[in-house]
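Reviewing the structure listed below.
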Amino acid sequence: MRSRLRGRRWSLGGLPLLLFACEPVPETPAPPKTGTATTTVPAMSGPVFVDIAHDSGLVFEHFIGASGEFYLPEIMGPGVALFDYDDDGDLDVYVTQGIMLDAGLTAGASVFPLRQAPGHRLFRNDPDTTGALKFTDVTASMGVTQNAYGMGVATGDIDNDGDTDLYVTQYGTNQMFKNNGDGTFSDIGDAAGANDPRWSTSAAFFDYDRDGDLDLYVANYVDFSKKTHQRCLKATGEPDYCTPENYQPVSDKLFQNDGSGQFTDVSSSAGISSVAGPGLGVTASDFNGDGWLDLYIANDMAANYLWINEQDGTFTETGLLSGVAFNKDGRVEASMGVTAGDFDGDGDDDLFMTHLNKQTNTLYVNNGQGQFIDQTDRYGLGSSSLAATGFGTAWFDVDNDGDLDLFSANGGVIIERQQVGASAFPYAQRNQLFLREERFLDVTTRAGEAMALQEVSRAAAFGDIDNDGDIDIVVGNCNGPLRVLQNRIGQEQLALLVRLVNRSGAPGGIGARVAVEFADGSRLWRRVSTDGSYLSASSPAAHFGLGKQGTPKRIIVQWLGGEEEVFAVPGGSGTLTVQQGHGQQRNQ
């Protein structure tokens, strides 16, 4: 018999610990590992995901404000964030909203969908007495308003006060919301010096100078406005959205944090503003293993950028030399979403990106020194993605077997001919789920009704929203409803989630690397971050499926400043919070 997990909270040495008790479930034979040439789909005991958005009260309908002009921003959002804004131990949800570009915020409010309030929305996670997920819309008490067409979200504690803050990117001036710690937020974008009036997309909080506070990278897209707007047609003569190649790209921004939540634009001195690209996806990781965070930028139909941190406040763009500017055929692709993770277990972060239909998604394998090889076809991720246009994505262990799997949120940007006449918004596609065997296998058709939906999906944020030990997904649909994909198979195997806090006890550790080590000396490595995917912010907890190897012997944390500590693993599984300075120091 296998076991199904139920979360329970405990306290260990003053730090919260969530353990999982077990109850039996009917046995299903485990599928064998497949060889590199097989396409056998593993057996599944039931649906992988169930959409619980409506039942949980997470009701949101994205509004694109379409006026018939086919303005490019209409097809790009919305963004989603999973973060614990009230520090009560569960993940809340923030989602961005659109407006009428022809009418503006005030006039546009009158044409929002029925029963749908205008503006970005904050939903508080309030599980009921039975433990069932329930969300409450607390936007009104949040104390902030939307001032432009919403795009993406980044999350991080900008002033080290223990509360997670928000940065919202927009077509129009971005907004930074400081978490006041009492359930309200203050818009401090102008005062903090981190606003950007251009069309921004994804953003990432990360500590590039290793001074203990979070800096901010903001990806910008193209120089679009009503004045520069162009009318584009399909080959059949139908009006449609233009591609980014119709507009001039703009440079990105890097903002340095002084430690108190005040930011300085260092884009020029750091070298970031020396190039311009239509940026859509951002992720920060130590790609070359020197202990400093680098940046990878997914540019839409242009060369992608790999910014290597030179450790002196500057970055060098090495995308072409590192093998990640173009695919293996030397071609640019419509890079949208990006995720970094150690899918092959060799201790360094590899890259995966989603692209336009008729292009393949791309897997770049890292050699540990920041040099990459396109191995998309070797791992079975080529032909399976040709029919899809992918956006939000992440490496994550969906079934808690210890291997990193992949999810792709898909939706068109070019009219789907077969949907014309049958749909008012003919861009819908089906999302995809890939399980890691020897190769990645597309198991979408076996993953349940929630994965059979055809919608125009964009953002995808990942985290354990119901505290049962597996990773769930919140998907933002363009011109459609928010989806909460509750994981129904991961809890059948044990898992460990590790939350890091800094020396003062505030949530931290962004940029750190965490490993669980087993009795045989093998390790699983995870990166602590909230960035990646597309227009999204995910939970920073490091998640380890333990199904293959069982109880880990210890946890190893490599903090960003170079310190390495070892922690015991009481109970073997659950959610464990570890504090910097409270582990056993270890020489690297």
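Along the sequence shown, residues are numbered consecutively beginning with 1.
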Worksheet item: Side chains of S457 and N477: donor-acceptor distance under 3.5 Å anywhere?
Response: yes

Practice prompt. Kindly say whether A460 contributes a backbone atom to a donor-acceptor pair with the side chain of S536 at under 3.5 angstrom?
Written response: yes

Worksheet item: What is the ring orientation for W395 with F343, classed by angle as parallel under 30°, tilted 30 to 60°, or perpendicular over 60°?
Response: parallel

Practice prompt. Look only at the side chain of R210 and the backbone of G291, and say whether a donor-acceptor pair between them is shorter than 3.5 Å.
Written response: yes

Worksheet entry | Distance, nearest 0.5 Å, that separates CH2 of W199 from OG1 of T201 | 8.5 Å

Practice prompt. Would you tell me whether N309 and Y208 have side-chain atoms, one donor and one acceptor, within less than 3.5 Å of each other?
Written response: no

Fill in: Interatomic spacing from CZ in R483 to CD1 in I473 - rounded to 0.5 Å
14.0 Å

Worksheet item: Are side-chain heavy atoms of V456 and N479 found at a separation under 4.5 Å?
Response: no

Practice prompt. Verify whether one side chain among S335 and N299 offers a donor that lies under 3.5 Å from an acceptor in the other.
Written response: no

Worksheet item: For S260 and D159, does a side-chain donor sit closer than 3.5 Å to a side-chain acceptor?
Response: no

Item to complete: State, with a plain yes or no, whether a side-chain heavy atom of L485 is found less than 4.5 Å away from one of F407.
Response: yes

Item to complete: Using only heavy-atom distances, determine whether the side chains of Q585 and E563 contain a donor-acceptor pair under 3.5 Å.
Response: yes

Item to complete: Taking only Lys NZ, Arg NE, NH1 and NH2, and the carboxylate oxygens of Asp or Glu, determine whether D161 and K178 approach each other closer than 4.0 Å.
Response: yes

Item to complete: Return yes when atom CD of Q369 has more than 12 non-hydrogen atoms of other residues, nucleotides or ligands closer than 6.0 Å, and no otherwise.
Response: no

Worksheet, complete the sentence: Minimal heavy-atom distance between D207 and L214, with the atoms involved, is N-CD2, 4.2 Å

Discussion item. Once you measure the plane-to-plane angle for F255 and F263, does it fall in the parallel (<30°), tilted (30-60°) or perpendicular (>60°) bin?
Written reply: perpendicular

Worksheet entry | Verdict with reasoning, M176 to I158, per side chain to side chain contact (heavy atoms under 4.5 Å, CB included) | CA-CA 10 Å; M176 180 173 282; I158 62 172; 3.7 Å; yes

Worksheet entry | Closest approach of T339 to L406 (non-hydrogen atoms, all atoms of both residues) | CG2-CD2, 4.3 Å

Item to complete: Calculate, to the nearest 0.5 Å, the distance between atoms CG and CG belonging to D300 and L280 respectively.
Response: 5.0 Å

Item to complete: Check the pair T243 / M301 against side chain to side chain contact (heavy atoms under 4.5 Å, CB included), numbers first and verdict last.
Response: CA-CA 9 Å; T243 73; M301 294 306 296; 5.8 Å; no

Worksheet item: Is the backbone N or O of F352 less than 3.5 Å from a side-chain atom of D350, with the two atoms forming a donor-acceptor pair by type?
Response: no

Worksheet item: Do N174 and D196 have side-chain atoms, one donor and one acceptor, less than 3.5 Å apart?
Response: no

Discussion item. Does D137 form a side chain to side chain contact (heavy atoms under 4.5 Å, CB included) with F60? I'd like the steps, not just the answer.
Written reply: CA-CA 10 Å; D137 187 338; F60 174 88; over 6 Å; no

Worksheet item: Taking side chain as C-beta onward, heavy atoms only, is Y247 less than 4.5 Å from C242?
Response: yes

Discussion item. So T145 and N147, do their side chains get closer than 4.5 Å, heavy atoms only?
Written reply: no

Worksheet item: With no hydrogens and no angle check, is any side-chain donor or acceptor of S56 less than 3.5 Å from a backbone partner on L133?
Response: no

Worksheet entry | Check: P197 main-chain N/O paired with T173 side-chain donor or acceptor under 3.5 Å | no

Worksheet, complete the sentence: Note: N220 and R198 closest approach over all heavy atoms is ND2-NH2, 2.9 Å

Fill in: From Y221, F224, Y149, residue fulfilling ring pair (Phe, Tyr, Trp, His ring centres under 6.0 Å) relative to Y171
F224

Worksheet item: G77 and C478: which non-hydrogen atoms are nearest, and at how many Å?
Response: O-CB, 3.0 Å

Discussion item. Are the side chains of L320 and F326 in contact, using a 4.5 Å heavy-atom criterion?
Written reply: yes

Worksheet item: Is there a salt bridge (Lys or Arg N to Asp or Glu O under 4.0 Å) between D102 and K226 once you walk through the steps?
Response: CA-CA 9 Å; D102 272 338; K226 292 182 187 178; 3.7 Å; yes

Fill in: Side chains of N246 and L72 in contact at under 4.5 Å (non-hydrogen atoms)
no

Worksheet item: Where the side chain of R458 meets the backbone of G476, is there a donor-acceptor pair that is under 3.5 Å apart?
Response: no

Worksheet item: Judged by modelled atom types alone, do Q256 and D211 share a side-chain donor-acceptor pair under 3.5 Å?
Response: no

Worksheet item: Would M353 and V324 satisfy side chain to side chain contact (heavy atoms under 4.5 Å, CB included), going step by step from the backbone distance to the final call?
Response: CA-CA 10 Å; M353 281 185 298; V324 291; over 6 Å; no

Fill in: Closest heavy-atom pair and its distance - D348, D342
O-OD1, 3.1 Å

Worksheet item: Is a side-chain donor or acceptor of D464 paired with a backbone partner of S539 at a separation under 3.5 angstrom?
Response: no

Worksheet item: Does N180 offer a backbone N or O that forms a donor-acceptor pair with the side chain of D163 under 3.5 Å?
Response: no

Fill in: Pair H229 + Y71: ring centers closer than 6.0 Å
yes

Item to complete: Mind checking the CZ-CG spacing from F544 to L497? Nearest 0.5 Å is all I need.
Response: 9.0 Å

Worksheet item: Any side-chain heavy atom of S504 sitting closer than 4.5 Å to one from N160?
Response: no

Practice prompt. Compare all side-chain heavy atoms of I272 with those of D252 and state whether any distance is below 4.5 angstrom.
Written response: yes

Worksheet item: Which heavy atom of Q170 sits nearest a heavy atom of Q146, and at what distance?
Response: OE1-CG, 4.1 Å

Worksheet item: Just by modelled atom types, is the D349 backbone N or O under 3.5 Å from a matching donor or acceptor in the S285 side chain?
Response: no

Worksheet entry | Spacing of OH belonging to Y534 relative to OG1 belonging to T393, to within rounding of 0.5 Å | 13.5 Å

Worksheet item: Should we count CD of Q584 as having more than 12 external heavy atoms under 6.0 Å?
Response: no

Discussion item. Parallel, tilted or perpendicular: which one describes the rings of F185 and Y85, with boundaries at 30° and 60°?
Written reply: tilted

Discussion item. Is it the case that the side chain of S538 and the backbone of F462 share a donor-acceptor pair, with hydrogens and angles ignored and the cut-off at 3.5 Å?
Written reply: yes

